Amino acid sequence: MLKQPFLNYSIYMSDFSIQIINANFSYNENTVVFNNHNLILDIKGDQKNKLYGIIGPSGTGKTTLISILGGQLNPQQGEVLINNINIYKVDDLARRSLISMQMQTATSLRGKLKYNILFGLPKKEGEIVYENSYLVEILVKVGLWGLFEAKDGLDTLIGEGGLNLSGGQRQRLNFAGLYLRAKYFRPHLILIDEPTSSLDELSEKAITQMILDLANDALTLVVAHRLKTLDEAVGIFDSSLINSKKDMIFYSRKELQLESQYYRDLIDGNAVLEDYNHLT
Ligand SMILES: Nc1ncnc2c1ncn2[C@@H]1O[C@H](COP(=O)(O)OP(=O)(O)O)[C@@H](O)[C@H]1O
Ligand SMILES: [Mg+2]
């Protein structure tokens, strides 16, 4: 078992790769999502923008793919390698220093605001991971501070028994948490599942900017239901191709236009990227 050999590694980071090799994954015998599928993504050390996107119709395996890459769903067959390290063979701490993720399903919120955005960060007695002023700065950035400033600030109680947040507000809060974790752990890989699906245009813009900021430091894979979130993406994997191609390839927009009917429909306005009512 490897024990966090990566913490200071990012300083020396040169090339970087993620690989899924010959993976099978099914939830049950009726739901086979991956069947001898491969994914290879190589990043050059001097590549500044490392934003990559995943699009595709609902139910085609985007969330499953993110979960497999995040170390949450071990494929029944195949390997998942990050820089040649099998992420299912390292301990949780090592994995956390490699990968930060924000999942589609908002975690249930409870207790003080501060507790919720610092979730997943180390909390030793007396040790301050982030100054309050920085937390406020991030909450301003995601457009939530006004809401809490009028209440009890970082001590505002949220969730059951406290301030009830809308789907979009929860999504922005979750994103703020991911952002803080990513800035703290400096992972090599950041996985985000539909960060903007319930957001208005202004919030979407702010979150997209912050995602780009993260993508300067780490390979950032974002499942998006709006192409706008992926305007700056270097490559896009389209999960509508999953049954016709065993290799999951991150295409440029030009290539994708040639390869995917779904993508062509999307840019022509003949398809919606995702059914996104489930989050609101
Ligand atoms: N926990 C689960 N149990 C059983 N089937 C699931 C589960 N999660 C997802 N699925 C099924 O796996 C397939 C892929 O789902 P998912 O990865 O969530 O797709 P997407 O994120 O592209 O909408 C779908 O057919 C979905 O119904
Ligand atoms: Mg999904």
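Just the heavy atoms: all of them, side chains too, but no hydrogens, waters or symmetry mates, feed the values below. In each ligand, atom 1 is the first atom listed, and ligand 1 is the first ligand listed. Quick note: residue numbers are just sequence positions, from 1. Everything numeric in this text was worked out from a predicted model, so none of it was measured.
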Legend entry - S58 N/O/S atom closer than 2.8 Å to the Mg ion (ligand 2): no
Legend entry - K114 and D155: CA distance, side-chain angles, deciding distance, salt bridge (charged side-chain N to carboxylate O under 4.0 Å, His left out) verdict: CA-CA 6 Å; K114 186 170 173 174; D155 290 328; over 6 Å; no
Inset, instruction - Give the numbers and elements of all ligand 1 atoms closer than 4.0 Å to a heavy atom of T64. - result: 14 (C), 15 (O), 16 (P), 17 (O)
Inset, instruction - Can you label the angle between the F175 ring and the Y179 ring as parallel, tilted or perpendicular, going by 30° and 60°? - result: tilted
Inset, instruction - Look at the aromatic rings of Y184 and Y130 and report parallel, tilted or perpendicular, splitting at 30° and 60°. - result: perpendicular
Inset, instruction - Could you name the option among S58, S26, G61, G56 that has the heavy atom nearest to atom 19 (O) of ligand 1? - result: G61
Inset, instruction - Kindly identify the option in S67, S239, G59 whose heavy atom sits closest to atom 13 (C) of ligand 1. - result: G59
Inset, instruction - Could you pull out all residues at least two apart from D247 that satisfy salt bridge (charged side-chain N to carboxylate O under 4.0 Å, His left out)? - result: none
Legend entry - By salt bridge (charged side-chain N to carboxylate O under 4.0 Å, His left out) - contacts of D152 (at least two apart): none
Inset, instruction - Return a yes/no value for T31: is any of its N or O atoms, backbone included, closer than 3.5 angstrom to an N or O of ligand 1? - result: no
Legend entry - N/O separation below 3.5 Å, N28 to ligand 1: no
Inset, instruction - Examine the proximity of ligand 1 to V33 and report which part, side chain or backbone, both or neither, has a heavy atom under 4.0 Å away. - result: side chain
Inset, instruction - Answer yes if the side chains of D265 and Q261 hold a donor-acceptor pair under 3.5 Å, and no otherwise. - result: yes
